[in-house]
Amino acid sequence: MLTVPTGPLVIPAAPPVTPGSFSPGSGEVFFSLVIPTYNESQNITSLVTILSQLLEGTLGDRYELIVVDDDSPDQTWAIAESLRAQYPHLRVMRRQGEKGLSTAVIRGWQVAQGEILGVIDGDLQHPPETLLQLLKAVQAGVDLAVASRHVSGGGVSTWSLTRRILSRGAQLVGLVLLPDVVSRVSDPMSGYFMVRREAIAERPLSPLGYKILIEVLGRGNIDEVAEVGYVFQERQEGESKVTWRQYLDYLHHLLRLRVALGRLGRIRRHLQFPMGRFLRFGMVGASGVFVDMGILYLLYDVFELRLTRSAIIAAEFAIINNFIWNDRWTFGDIAREQQAWRQIAKRFLKFNIVCLMGLVLKVLLLNLLFNVFGINAYLANLLAIAAVTVWNFWINLKLNWRVTQLK
Ligand code: GDD
Ligand code: MN
């Protein structure tokens, strides 16, 4: 079993020399393929069998397969380990501390011997034969070869409309937030690709969630890119690990890269801006809008209260909603340490005050933008909302859910 690398997610410029690692009979390893797995016990054997056959036919001894399993309850790691007797090119890593698809891939690449580093899903949804075309492309000299669903020969087998829209929606968001990176390939969501070691070596990587390709494109030194079409197969065995969480991680990942690659980077490093918390805070704020609207409808339309009175009560309900979510989720790690009810009540009171100040600020700002700068009222309102969200977040972070706490 391979030892899991610790420390920063950096790929060494030269293959690491580790005692006991696979030493090929003839020449050096050219290609290292990482297979990230979580509960793929029903797929791993056939995948390793097919890949070994395929790669042996083209590369002989100059390849290795690296399974990186996150301590699957179904013992994928044990099954993979047992296959090594039959497949000497296979190496297995069982991670017990860290979790997550993207970091699994990098941990695998960190121990890889090859000059070309690749990744393929462990569930047979990526057709193995495409590997040969990808290899051909990197042998011809490109820095990155991506298997794509969106070039000729590519597609998705029987995806529902919703799924297609979600996938394309995610790509669209990426194009808006990070155009230089996301627009470089037709399928930035692909988790099936190969990259030249030297293009990503010695650069600290910091991926989040599923989309490792975005990280490689964003932080690597990638000049030439090739794409090869493939049809994303339906899963036959096991199940997908995608939850709504991956969408949030993806958004967070895009913003993190945006900030790291742009001018904002300097400001952020200066302020230590906690982007993940801010995103959660923003989502909670959006949920508050629905609560506000719902209560307003109930009071004003159903119970026929006066509008001002209804609006004030509705706003307070939204504040309560937001407080609960922020206290349990956005700042949950901090709040858990301070659970006496007086401490909770104090936080709630402070939250109310900050929101009230935010409201005053919003009205002032809206007037300033509209009356003094002559900005369209709706645009002015949107800008004011954005500014007040930042205000609410920052003040609550610094004065309410304090990161520094006295024992
Ligand atoms: N080690 C590890 N840790 N592996 C993981 C984890 C994890 O936390 N989560 C998922 N995996 C493995 C799965 O076992 C599988 O081999 C692969 O990563 C992909 O996971 P799926 O859950 O099957 O993903 P998918 O099929 O919905 O998503 C795929 O969609 C893209 C196309 O839209 C991704 O795998 C992309 O690679 C792919 O291109
Ligand atoms: Mn899958």
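As the structure is a computational prediction, the values presented were derived from the model and not from experiment. Counting from 1, the numbers follow the sequence of the chain as shown. We count ligands from 1, going down the list as the structure has it; atoms in each ligand are counted the same way.
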- For Phe30, ring-ring contact (aromatic ring centres under 6.0 Å, His included) partners two or more places apart: none

[X] bridged to [Y] by N-O distance under 4.0 Å:
X: Lys99; Y: Asp70; answer: no
X: Arg95; Y: Asp71; answer: no
X: Glu98; Y: Arg107; answer: yes

- Has Gln125 got an N, O or S atom lying less than 2.8 Å from the Mn ion (ligand 2)? yes

- Query: Measuring to the Mn ion (ligand 2), does Asp123 have an N/O/S atom at a distance below 2.8 Å?
  - Reply: yes

- Non-neighbouring partners of Ser240 that pass side chain to side chain contact (heavy atoms under 4.5 Å, CB included), sequence neighbours left out: Arg235, Val242

- Scan for ring-ring contact (aromatic ring centres under 6.0 Å, His included) pairs involving residues 137-165, sequence neighbours excluded, and state none if there are none. Trp159-Phe232

- Any idea which residues sit under 4.0 Å from ligand 1, heavy-atom distances? Pro36, Thr37, Tyr38, Glu40, Val68, Asp70, Gly100, Leu101, Ala104, Asp121, Gly122, Asp123, Gln125, His126, Arg149, Met189, Ser190, Gly191, Tyr210, Lys211, Phe232, Arg235, Ser240, Lys241, Val242

- Could you give me the CA-CA distance, side-chain angles and deciding distance for Asn43 and Glu40, then say whether side chain to side chain donor-acceptor pair (under 3.5 Å) is met? CA-CA 5 Å; Asn43 293 310; Glu40 302 293 356; 2.9 Å; yes

